[in-house]
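What follows is a single structure, written as C-alpha coordinates, with notes after it.
What's counted below: heavy atoms across the whole structure, side chains too, no hydrogens, waters or symmetry copies.
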Amino acid sequence: MLRAVRARRIATATAFGGGGLTLLGAGTVALLYLQARLAHRAVGFTEWRRPRVRRTYGDGDGPPISFALFGDSTAAGFALTEGPLTPGVLLAEGLAAVADRPVRLRNMSVVGAASADLGSQLDRLRGAPVDLAVVFIGANDVIRLTRPADSADHLRDAVRRLRAGGAEVVVATCPDLGSVRPIGWPLRTVARRASRRLAAAQTVAVVEAGGRTVSLTDLLADEFWARPEELFGPDRFHPSARGYAAAASVVLPSACVALGLLPELEEAEEAPERVLPVHRAAAAAVDRPGTEVSGTEVAGRERGPLGRWAMLLRRRPEAPAAQPPAAAGAGTPTPGGGAGDGTG
(Lines give C-alpha, C1' and ligand atoms only; values in the text may rest on other atoms or scores of the structure.)
Protein backbone atom coordinates (compact mmCIF):
# COMPACT_ATOMS: atom_id res chain seq x y z
CA MET A 1 0.00 0.00 0.00
CA LEU A 2 2.77 2.44 0.95
CA ARG A 3 4.68 1.68 -2.25
CA ALA A 4 1.51 2.31 -4.27
CA VAL A 5 0.97 5.68 -2.58
CA ARG A 6 4.63 6.59 -3.09
CA ALA A 7 4.49 5.60 -6.75
CA ARG A 8 1.36 7.69 -7.28
CA ARG A 9 3.05 10.75 -5.77
CA ILE A 10 6.12 10.28 -7.92
CA ALA A 11 3.94 9.88 -11.00
CA THR A 12 2.02 13.05 -10.12
CA ALA A 13 5.23 15.00 -9.56
CA THR A 14 6.79 13.85 -12.79
CA ALA A 15 3.66 14.71 -14.73
CA PHE A 16 3.79 18.25 -13.34
CA GLY A 17 7.53 18.49 -13.87
CA GLY A 18 7.64 18.47 -17.65
CA GLY A 19 4.87 16.21 -18.85
CA GLY A 20 4.99 12.69 -20.17
CA LEU A 21 6.51 11.83 -23.52
CA THR A 22 4.04 11.18 -26.28
CA LEU A 23 4.30 8.11 -28.47
CA LEU A 24 6.99 8.68 -31.05
CA GLY A 25 6.80 7.69 -34.68
CA ALA A 26 9.50 5.58 -36.31
CA GLY A 27 10.93 8.58 -38.14
CA THR A 28 11.25 10.57 -34.92
CA VAL A 29 12.88 7.66 -33.13
CA ALA A 30 15.40 7.33 -35.96
CA LEU A 31 16.15 11.06 -35.80
CA LEU A 32 16.65 10.91 -32.04
CA TYR A 33 19.01 7.96 -32.42
CA LEU A 34 21.02 9.79 -35.07
CA GLN A 35 21.22 12.92 -32.93
CA ALA A 36 22.37 10.88 -29.95
CA ARG A 37 25.16 9.37 -32.06
CA LEU A 38 26.24 12.78 -33.32
CA ALA A 39 26.17 14.28 -29.82
CA HIS A 40 28.22 11.35 -28.54
CA ARG A 41 30.87 12.01 -31.20
CA ALA A 42 30.90 15.74 -30.39
CA VAL A 43 31.85 15.11 -26.77
CA GLY A 44 35.59 14.93 -26.13
CA PHE A 45 37.19 11.91 -24.47
CA THR A 46 40.59 11.77 -22.76
CA GLU A 47 41.91 10.52 -19.48
CA TRP A 48 41.48 12.60 -16.34
CA ARG A 49 43.19 12.32 -12.99
CA ARG A 50 41.60 13.82 -9.92
CA PRO A 51 43.60 16.64 -8.37
CA ARG A 52 44.81 16.07 -4.84
CA VAL A 53 42.90 17.90 -2.13
CA ARG A 54 43.41 18.34 1.57
CA ARG A 55 41.32 16.51 4.14
CA THR A 56 40.59 19.49 6.39
CA TYR A 57 39.71 23.10 5.55
CA GLY A 58 39.41 26.20 7.71
CA ASP A 59 40.21 26.68 11.36
CA GLY A 60 38.55 28.04 14.47
CA ASP A 61 37.23 26.57 17.68
CA GLY A 62 35.43 23.30 18.05
CA PRO A 63 35.79 19.86 16.51
CA PRO A 64 35.82 19.57 12.72
CA ILE A 65 32.52 19.28 10.89
CA SER A 66 32.44 15.93 9.11
CA PHE A 67 31.36 16.58 5.52
CA ALA A 68 30.93 13.80 2.93
CA LEU A 69 30.24 14.29 -0.76
CA PHE A 70 28.53 11.63 -2.87
CA GLY A 71 27.41 11.27 -6.45
CA ASP A 72 28.73 11.52 -9.98
CA SER A 73 31.11 13.63 -12.05
CA THR A 74 29.64 16.89 -10.78
CA ALA A 75 30.51 15.95 -7.21
CA ALA A 76 33.97 14.89 -8.38
CA GLY A 77 34.61 18.11 -10.30
CA PHE A 78 35.27 16.14 -13.45
CA ALA A 79 37.78 17.80 -15.81
CA LEU A 80 39.18 20.21 -13.22
CA THR A 81 42.91 20.03 -12.66
CA GLU A 82 43.12 22.20 -9.54
CA GLY A 83 41.73 20.86 -6.25
CA PRO A 84 40.64 24.24 -4.81
CA LEU A 85 38.23 24.68 -7.74
CA THR A 86 36.32 21.43 -7.18
CA PRO A 87 32.79 21.62 -5.73
CA GLY A 88 33.79 19.64 -2.63
CA VAL A 89 36.54 22.07 -1.69
CA LEU A 90 34.41 25.11 -2.49
CA LEU A 91 31.66 23.77 -0.22
CA ALA A 92 34.10 22.78 2.55
CA GLU A 93 35.74 26.19 2.57
CA GLY A 94 32.37 27.93 2.54
CA LEU A 95 31.11 25.86 5.45
CA ALA A 96 34.29 26.49 7.42
CA ALA A 97 34.01 30.24 6.89
CA VAL A 98 30.38 30.37 8.05
CA ALA A 99 30.84 27.98 10.98
CA ASP A 100 34.25 29.34 12.06
CA ARG A 101 35.20 25.70 12.52
CA PRO A 102 37.36 23.33 10.51
CA VAL A 103 35.62 21.05 8.02
CA ARG A 104 36.86 17.55 7.21
CA LEU A 105 36.05 16.59 3.64
CA ARG A 106 35.55 13.07 2.34
CA ASN A 107 34.67 12.83 -1.32
CA MET A 108 33.18 9.43 -2.08
CA SER A 109 31.86 10.32 -5.54
CA VAL A 110 32.56 8.23 -8.63
CA VAL A 111 32.63 9.58 -12.16
CA GLY A 112 29.86 7.96 -14.18
CA ALA A 113 27.84 6.99 -11.09
CA ALA A 114 24.06 6.70 -11.15
CA SER A 115 21.61 6.52 -8.25
CA ALA A 116 22.00 2.75 -8.02
CA ASP A 117 25.68 3.28 -7.16
CA LEU A 118 25.07 5.42 -4.09
CA GLY A 119 24.82 2.41 -1.79
CA SER A 120 28.37 1.32 -2.57
CA GLN A 121 29.63 4.86 -2.03
CA LEU A 122 28.03 4.89 1.42
CA ASP A 123 29.61 1.52 2.18
CA ARG A 124 33.04 3.11 1.78
CA LEU A 125 32.37 5.29 4.83
CA ARG A 126 32.76 2.14 6.93
CA GLY A 127 30.53 3.51 9.64
CA ALA A 128 32.42 6.78 10.07
CA PRO A 129 30.13 9.53 11.44
CA VAL A 130 28.96 12.26 9.06
CA ASP A 131 27.50 15.61 10.08
CA LEU A 132 26.58 16.70 6.56
CA ALA A 133 26.16 14.76 3.33
CA VAL A 134 25.75 16.47 -0.05
CA VAL A 135 24.72 14.43 -3.10
CA PHE A 136 24.94 15.39 -6.78
CA ILE A 137 23.20 12.69 -8.82
CA GLY A 138 20.83 12.11 -11.71
CA ALA A 139 22.44 12.90 -15.06
CA ASN A 140 23.66 9.35 -15.64
CA ASP A 141 20.24 7.95 -14.72
CA VAL A 142 18.77 10.00 -17.57
CA ILE A 143 21.52 8.97 -19.97
CA ARG A 144 20.98 5.29 -19.10
CA LEU A 145 17.18 5.63 -19.47
CA THR A 146 16.58 4.48 -15.90
CA ARG A 147 12.96 4.80 -14.78
CA PRO A 148 12.55 7.87 -12.49
CA ALA A 149 10.77 5.75 -9.88
CA ASP A 150 13.68 3.29 -9.75
CA SER A 151 16.24 6.08 -9.49
CA ALA A 152 14.20 7.72 -6.75
CA ASP A 153 14.03 4.46 -4.79
CA HIS A 154 17.83 4.16 -4.78
CA LEU A 155 18.23 7.77 -3.72
CA ARG A 156 15.61 7.40 -0.98
CA ASP A 157 17.47 4.40 0.44
CA ALA A 158 20.74 6.34 0.51
CA VAL A 159 19.15 9.34 2.25
CA ARG A 160 17.52 7.09 4.84
CA ARG A 161 20.86 5.42 5.60
CA LEU A 162 22.55 8.77 6.04
CA ARG A 163 19.76 10.16 8.19
CA ALA A 164 19.77 7.04 10.35
CA GLY A 165 23.45 7.69 11.00
CA GLY A 166 22.71 11.24 12.15
CA ALA A 167 23.71 13.13 9.00
CA GLU A 168 21.94 16.14 7.56
CA VAL A 169 21.40 15.53 3.84
CA VAL A 170 21.23 17.97 0.93
CA VAL A 171 20.66 16.61 -2.58
CA ALA A 172 21.28 18.64 -5.71
CA THR A 173 18.72 17.24 -8.12
CA CYS A 174 19.27 16.27 -11.74
CA PRO A 175 20.48 19.14 -13.92
CA ASP A 176 18.84 20.00 -17.23
CA LEU A 177 20.63 17.95 -19.87
CA GLY A 178 18.79 19.96 -22.51
CA SER A 179 21.36 22.74 -22.00
CA VAL A 180 24.20 20.56 -23.31
CA ARG A 181 25.41 22.25 -26.50
CA PRO A 182 26.02 19.18 -28.75
CA ILE A 183 22.43 17.98 -28.21
CA GLY A 184 20.12 19.30 -30.93
CA TRP A 185 16.36 19.56 -31.26
CA PRO A 186 14.21 17.45 -30.78
CA LEU A 187 16.60 15.37 -28.66
CA ARG A 188 17.19 18.44 -26.49
CA THR A 189 13.48 18.58 -25.65
CA VAL A 190 13.44 14.89 -24.74
CA ALA A 191 16.51 15.33 -22.53
CA ARG A 192 15.00 18.37 -20.82
CA ARG A 193 11.73 16.61 -20.04
CA ALA A 194 13.48 13.49 -18.78
CA SER A 195 15.78 15.57 -16.56
CA ARG A 196 12.88 17.44 -15.01
CA ARG A 197 10.80 14.34 -14.44
CA LEU A 198 13.70 12.78 -12.58
CA ALA A 199 14.37 15.95 -10.55
CA ALA A 200 10.73 16.00 -9.41
CA ALA A 201 10.84 12.31 -8.44
CA GLN A 202 14.10 12.88 -6.56
CA THR A 203 12.57 15.73 -4.57
CA VAL A 204 9.62 13.63 -3.43
CA ALA A 205 11.92 10.78 -2.41
CA VAL A 206 14.44 12.92 -0.55
CA VAL A 207 11.93 14.97 1.42
CA GLU A 208 9.99 11.83 2.37
CA ALA A 209 13.27 10.35 3.65
CA GLY A 210 14.10 13.37 5.80
CA GLY A 211 16.50 15.30 3.58
CA ARG A 212 16.23 18.48 1.55
CA THR A 213 16.80 19.17 -2.14
CA VAL A 214 18.18 22.04 -4.17
CA SER A 215 17.06 22.37 -7.78
CA LEU A 216 19.83 22.67 -10.36
CA THR A 217 17.42 22.32 -13.33
CA ASP A 218 18.43 24.93 -15.95
CA LEU A 219 20.74 26.86 -13.64
CA LEU A 220 22.79 29.13 -15.90
CA ALA A 221 21.10 27.63 -18.98
CA ASP A 222 21.06 30.99 -20.76
CA GLU A 223 24.69 31.60 -19.87
CA PHE A 224 25.65 28.06 -20.87
CA TRP A 225 24.09 28.59 -24.28
CA ALA A 226 25.42 32.10 -24.84
CA ARG A 227 28.94 31.53 -23.47
CA PRO A 228 29.65 27.80 -23.63
CA GLU A 229 33.40 28.39 -23.79
CA GLU A 230 33.27 29.89 -20.27
CA LEU A 231 30.81 27.61 -18.49
CA PHE A 232 31.34 24.27 -20.24
CA GLY A 233 34.53 22.27 -20.00
CA PRO A 234 36.59 21.14 -22.99
CA ASP A 235 34.32 18.17 -23.68
CA ARG A 236 31.28 20.49 -24.13
CA PHE A 237 29.35 18.30 -21.70
CA HIS A 238 30.71 18.77 -18.18
CA PRO A 239 30.90 22.24 -16.59
CA SER A 240 33.98 24.41 -16.51
CA ALA A 241 35.40 25.73 -13.23
CA ARG A 242 32.88 28.59 -13.35
CA GLY A 243 30.03 26.18 -13.97
CA TYR A 244 31.01 24.01 -11.00
CA ALA A 245 31.33 27.12 -8.82
CA ALA A 246 27.79 28.12 -9.79
CA ALA A 247 26.46 24.69 -8.76
CA ALA A 248 28.31 24.85 -5.43
CA SER A 249 26.98 28.35 -4.79
CA VAL A 250 23.33 27.26 -4.86
CA VAL A 251 23.97 24.28 -2.59
CA LEU A 252 26.05 26.08 0.07
CA PRO A 253 23.21 28.13 1.67
CA SER A 254 21.04 25.03 2.10
CA ALA A 255 23.99 23.11 3.54
CA CYS A 256 24.55 25.88 6.06
CA VAL A 257 20.88 25.89 7.04
CA ALA A 258 20.86 22.11 7.40
CA LEU A 259 23.73 22.37 9.91
CA GLY A 260 22.03 25.18 11.82
CA LEU A 261 24.62 27.75 10.72
CA LEU A 262 22.03 30.05 9.13
CA PRO A 263 18.51 30.83 10.33
CA GLU A 264 15.57 28.87 9.02
CA LEU A 265 11.88 29.66 9.25
CA GLU A 266 10.62 28.15 12.48
CA GLU A 267 6.98 27.85 11.48
CA ALA A 268 5.43 27.07 8.12
CA GLU A 269 2.65 29.52 8.99
CA GLU A 270 5.17 32.34 8.49
CA ALA A 271 5.18 31.63 4.74
CA PRO A 272 1.95 29.78 3.89
CA GLU A 273 2.23 30.52 0.17
CA ARG A 274 5.45 28.50 0.09
CA VAL A 275 4.01 25.42 1.81
CA LEU A 276 2.64 22.70 -0.45
CA PRO A 277 2.19 18.92 -0.49
CA VAL A 278 5.57 17.52 -1.40
CA HIS A 279 4.60 16.34 -4.88
CA ARG A 280 3.39 19.84 -5.79
CA ALA A 281 6.47 21.43 -4.26
CA ALA A 282 8.62 19.09 -6.36
CA ALA A 283 6.79 20.12 -9.51
CA ALA A 284 7.27 23.81 -8.73
CA ALA A 285 10.97 23.43 -7.88
CA VAL A 286 11.95 21.97 -11.26
CA ASP A 287 11.02 25.24 -12.94
CA ARG A 288 13.06 27.43 -10.57
CA PRO A 289 16.78 26.77 -10.26
CA GLY A 290 18.23 27.30 -6.81
CA THR A 291 14.94 26.42 -5.10
CA GLU A 292 15.21 24.40 -1.90
CA VAL A 293 12.51 21.93 -0.87
CA SER A 294 12.45 20.61 2.69
CA GLY A 295 9.93 18.95 4.95
CA THR A 296 7.92 21.12 7.32
CA GLU A 297 4.92 21.02 9.65
CA VAL A 298 1.53 22.68 9.46
CA ALA A 299 -0.34 23.03 12.76
CA GLY A 300 2.14 20.62 14.32
CA ARG A 301 1.61 17.92 11.71
CA GLU A 302 4.05 16.68 9.08
CA ARG A 303 1.34 15.32 6.81
CA GLY A 304 -1.87 16.68 5.40
CA PRO A 305 -4.69 15.23 3.28
CA LEU A 306 -2.38 15.07 0.23
CA GLY A 307 0.71 13.78 1.99
CA ARG A 308 3.94 15.21 3.41
CA TRP A 309 4.09 18.97 3.80
CA ALA A 310 7.07 20.69 2.18
CA MET A 311 8.37 24.23 2.04
CA LEU A 312 9.75 25.97 -1.04
CA LEU A 313 12.52 28.50 -0.45
CA ARG A 314 14.58 30.44 -2.98
CA ARG A 315 18.10 30.65 -1.59
CA ARG A 316 19.87 31.21 -4.91
CA PRO A 317 22.53 33.95 -4.59
CA GLU A 318 22.97 36.65 -7.18
CA ALA A 319 26.43 35.46 -8.24
CA PRO A 320 28.54 32.29 -7.98
CA ALA A 321 30.18 31.71 -4.62
CA ALA A 322 33.62 31.68 -6.17
CA GLN A 323 35.21 33.24 -9.24
CA PRO A 324 37.92 30.87 -10.46
CA PRO A 325 40.86 32.50 -12.21
CA ALA A 326 40.51 32.76 -15.97
CA ALA A 327 43.58 30.59 -16.44
CA ALA A 328 42.16 27.78 -14.32
CA GLY A 329 42.76 24.67 -16.34
CA ALA A 330 40.41 21.85 -17.00
CA GLY A 331 41.68 18.69 -18.57
CA THR A 332 39.51 17.06 -21.17
CA PRO A 333 37.36 14.47 -19.39
CA THR A 334 36.43 10.89 -20.02
CA PRO A 335 33.02 9.42 -19.23
CA GLY A 336 34.63 6.34 -17.78
CA GLY A 337 34.86 5.40 -14.15
CA GLY A 338 37.00 7.00 -11.52
CA ALA A 339 36.99 6.15 -7.86
CA GLY A 340 37.06 8.55 -4.99
CA ASP A 341 39.80 11.12 -4.76
CA GLY A 342 41.58 9.50 -1.86
CA THR A 343 40.22 11.85 0.78
CA GLY A 344 38.10 9.12 2.33
- From L132 CG over to L261 CG, what is the distance, rounded to the nearest 0.5 angstrom? 9.0 Å

- Item | E208 and its salt bridge (charged side-chain N to carboxylate O under 4.0 Å, His left out) partner, picked from R156, R303, R163 | R303

- Taking R196 for the side chain and D176 for the main chain, is one N or O donor matched with an acceptor at less than 3.5 Å? no

- Any side-chain heavy-atom pair of F70 and L125 under 4.5 Å: yes

- Message: Tell me if a side-chain donor or acceptor on Q121 pairs with a main-chain N or O of G71 at a distance below 3.5 Å.
- Response: yes

- Check each of V170, V135, V206 against V159 using the side-chain contact (heavy atoms from CB on, under 4.5 Å) test, and report the only one that passes. V206

- Item | Y57 vs P102 side-chain heavy atoms within contact, under 4.5 Å | no

- Message: How long is the straight-line distance from CG of D117 back to CE of M108, given to the nearest 0.5 Å?
- Response: 13.5 Å

- Task: Take D131 and F67 through the side chain to side chain contact (heavy atoms under 4.5 Å, CB included) test and state the conclusion after the steps.
- Result: CA-CA 6 Å; D131 298 314; F67 166 41; over 6 Å; no

- Item | Minimum heavy-atom distance between Y244 and F78, given as atom pair plus value | OH-O, 2.8 Å

- Derivation of the side chain to side chain contact (heavy atoms under 4.5 Å, CB included) call for C256 and L95: CA-CA 7 Å; C256 290; L95 289 168; 3.9 Å; yes

- When rounded to the nearest 0.5 angstrom, what distance separates OG in S151 from CZ in R197? 11.5 Å

- Query: What's the shortest heavy-atom distance between V111 and R50, and which atoms?
  - Reply: N-NH2, 4.2 Å

- Note on the structure: What one should report as the nearest heavy-atom pair of L306 and H279 is O-CE1, 3.6 Å

- Message: With rounding to the nearest 0.5 angstrom, report the CG to CG distance, L198 to D150.
- Response: 11.0 Å

- Message: Tell me if a side-chain donor or acceptor on R126 pairs with a main-chain N or O of R124 at a distance below 3.5 Å.
- Response: yes

- Message: Is any side-chain heavy atom of C174 closer than 4.5 Å to one of D141?
- Response: no

- Message: Looking at every non-hydrogen atom in both residues, tell me the closest pair between V251 and A172 and how far apart they are.
- Response: CG2-CB, 4.1 Å

- Item | Backbone of L155 reached by a side-chain donor or acceptor of R160 within 3.5 Å | no

- Task: Starting at CZ of R101, measure out to CG of D59 and round the result to the nearest 0.5 Å.
- Result: 12.5 Å

- Query: Would a 4.5 Å heavy-atom cut-off, applied to side chains only, mark V89 and L105 as touching?
  - Reply: yes

- Query: Would a distance-only check, ignoring hydrogens and angles, find a side-chain to backbone donor-acceptor pair under 3.5 Å from N107 to A76?
  - Reply: no

- Note on the structure: When every non-hydrogen atom of V142 is compared with those of S195, the smallest separation belongs to CG2-CA, 4.1 Å

- Query: Is a side-chain donor or acceptor of S66 paired with a backbone partner of P129 at a separation under 3.5 angstrom?
  - Reply: yes

- Message: Under the criterion side chain to side chain contact (heavy atoms under 4.5 Å, CB included), I'd like the reasoning laid out for R288 against L312: C-alpha separation, chi angles, the key distance, then a yes or no.
- Response: CA-CA 10 Å; R288 291 183 288 180; L312 282 151; 3.6 Å; yes

- Task: Decide whether Q202 and T173 meet the rule of one side-chain donor and one side-chain acceptor closer than 3.5 Å.
- Result: no

- Message: Test your reading of the model: is there a side-chain donor-acceptor pair from S215 to the backbone of A285, 3.5 Å cut-off?
- Response: yes

- Item | Approximate separation, where rounding is to 0.5 Å, of L216 CG and T291 OG1 | 11.0 Å

- Which pair of non-hydrogen atoms, one from I137 and one from A113, has the smallest distance, and what is that distance? CD1-O, 3.8 Å

- Item | Carboxylate-amine/guanidinium contact R161 D123, below 4.0 Å | yes

- Task: Show your reasoning for whether side chain to side chain contact (heavy atoms under 4.5 Å, CB included) applies to H154 and L118.
- Result: CA-CA 7 Å; H154 290 300; L118 290 174; 5.8 Å; no

